[in-house]
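Below, read A as the first sequence line, B as the second, and so on, with proteins coming before strands; counting in each chain starts at 1.
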Number of protein chains: 2
Amino acid sequence: MGPRADTIRERIISAADQLFYEKGYEQTSFADIAQAVNISRGNFYYHFKTKDDILDAVIDARLAKTSQLLQAWETEATTPAERIRRFIHILIANGGKIQRYGCPVGTLCTELAKLDHVSKDEANKLFILFRRWLSQQFTLLGREADADDLAMHLLARSQGVATLATAFQDEKFLNQEVKQLDDWLDQVVSSTKQPAASVIEN
Amino acid sequence: MGPRADTIRERIISAADQLFYEKGYEQTSFADIAQAVNISRGNFYYHFKTKDDILDAVIDARLAKTSQLLQAWETEATTPAERIRRFIHILIANGGKIQRYGCPVGTLCTELAKLDHVSKDEANKLFILFRRWLSQQFTLLGREADADDLAMHLLARSQGVATLATAFQDEKFLNQEVKQLDDWLDQVVSSTKQPAASVIEN
DNA sequence: TTCGTTTTAGGACAATTGTCCTAATTATTT
DNA sequence: AAATAATTAGGACAATTGTCCTAAAACGAA
């Protein structure tokens, strides 16, 4: 495959990734991507046969990047609560882009669902990735019983905040909701008897 | 305006409304709408000059329909808490469609935001309509201080549930989250001193 | 250099897009 | 019945879409 770090193929994927996010998948044309990468539209076919192929490559890239991010959080943050908080705070870290373009995961999945696109399940894997990871963190927190429910709940809350932040472009609201999520997490932590790590009995 | 109940104009708006919801605005063509209404593509121009004109008409129709719905809730439900609960439960009432196409308000606003469409502010009025109405109900509940925050919070929660319900097609999750919203509302009510409405005793 | 492979640019292709015009057909009024 | 207005169908229009072909250029190995 591509050992070199900056192959044309990777530059195409990177440009498509950004454009799909900012303009949406259907609204982004071959011409748009070609222009962004500075290659001719004809040459495009050499690297990707169809537009769907690009989409799949972009989703794969996002999956890899997300996987990497989650892994980094695991090494950077020592406690599961801290890790979950990292997730919550991407709402602020990416606040500017979210206010302009929404959540990259949610908006893509919603668009593909409406199109009934063949790759919609592939895109949903991005959600699944976060879901599994969050679920795992809640389990480590000692909430194995409802870890997945908590993960889904947090995912939903984040999605909702992102959607309204896009519509209203309201940074105060965004910060407010993040604070509430922080409080919610604190409550989950404090209402849990004992972290499961290194604990013998439940 | 149109006194007759089933003019071609209204049938166009109705068909466009549905198609915009199911396929998205950009992904819906003149041909799609013309076929749904069973008129020729050429004739279309007589009723609407541009596609943007249809969008504006659809948004206006949705605003009117939403306004009517909220007003109906006000007469059907006597207490503000009951009215807010009506809002929460559209997630279940429209559950099937939401799982397939997402929330009609959220998905339209997000799409228009990404397109940076001229009518995006017009579409956002749908959100504003709900926001104001919910805020008013929370005020009646006796929460004038944070009524708007509560309204935004509830809006966000609903949007998030809708987005994940679309991605995961999970009815159990949807019902679960609605129950949590119900509980949340109960808590808001019980933590409030006195309803402001003309009630003598609670 | 010469050969063979990789990569490129340019354009053809049919289909579809939103928009717009015109001639014919209805419907309404006189 | 005649005249006027409202509504329609059909198609033209240029632009853009995703896809695909081919000939030239760039490259690397011999």
Mutual orientation of the aromatic rings belonging to B:Trp184 and B:His153 [parallel < 30°, tilted 30-60°, perpendicular > 60°]: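 It falls in the tilted class, 30° to 60°.
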Ring geometry between B:Phe127 and A:Phe168 (parallel below 30°, tilted from 30 to 60°, perpendicular above 60°):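 Rings of A:Phe168 and B:Phe127: tilted, as their planes differ by 30° to 60°.
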Under the rule for side-chain hydrogen bond (donor to acceptor under 3.5 Å, both in side chains), what residues qualify as partners of [X], not counting sequence neighbours?
| X | result |
| --- | --- |
| A:Gln18 | A:Glu22 |
| A:Asn94 | none |
| B:Asp60 | none |
| B:Lys65 | none |

For atom [atom1] of [X], decide whether the heavy atoms of other residues, nucleotides or ligands shown that lie under 6.0 angstrom number more than 12.
| X | atom1 | value |
| --- | --- | --- |
| A:Gln71 | CD | no |
| A:Gln169 | CD | yes |
| A:Glu76 | CD | yes |

Along DNA chain D, first and last positions that approach a heavy atom of chain A under 4.0 Å: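 For DNA chain D, the relevant span reads D:dT17 to D:dC21.
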First encountered from the 5' end of DNA chain D, between B:Asn38 and B:Arg41: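 Result: B:Asn38.
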Within residues 17-33 of chain B, residues whose heavy atoms come under 4.0 Å of DNA chain D: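 Contacts with DNA chain D under 4.0 Å: none.
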Sub-4.0 Å heavy-atom contacts from residues 44-62 of chain A onto DNA chain D, ordered by number: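 Here the set is A:Tyr45, A:Thr50, A:Lys51.
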For B:Asp146, salt bridge (Lys or Arg N to Asp or Glu O under 4.0 Å) partners two or more places apart: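 Partners of B:Asp146 by the salt bridge (Lys or Arg N to Asp or Glu O under 4.0 Å) criterion, ordered by chain and then number, come out as B:Arg143.
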ring-ring contact (aromatic ring centres under 6.0 Å, His included): pairs with one or both residues in residues 49-69 of chain A, sequence neighbours excluded: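 Qualifying pairs: none.
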Residue pairs involving residues 45-70 of chain A (criterion ring-ring contact (aromatic ring centres under 6.0 Å, His included); sequence neighbours excluded):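 Sorted result for residues 45-70 of chain A: empty, none.
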Five-pair end axes of the helix from C:dT2-D:dA29 to C:dT30-D:dA1 and the angle they enclose, rounded to 10°: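 Axis-to-axis angle, ends of the helix: 0°.
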Exercise: identify the closest heavy-atom pair between A:Lys51 and A:Thr28: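 A:Lys51 and A:Thr28 have their closest heavy atoms at NZ-O, 2.7 Å.
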A:Asp183/A:Lys179 ion pair, N-O < 4.0 Å: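 Salt bridge: yes.
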Separation of C:dT7 P from A:Ile12 CD1 (nearest whole Å):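 A:Ile12 atom CD1 is separated from C:dT7 atom P by 12 Å.
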Protein-nucleotides 25-29 of chain C N/O pairs closer than 3.5 Å?
none

Single hit among B:Leu129, B:Ile13, B:Asp17 for side-chain contact (heavy atoms from CB on, under 4.5 Å) with B:Arg62: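 Only one of B:Leu129, B:Ile13, B:Asp17 forms a side-chain contact (heavy atoms from CB on, under 4.5 Å) with B:Arg62, namely B:Asp17.
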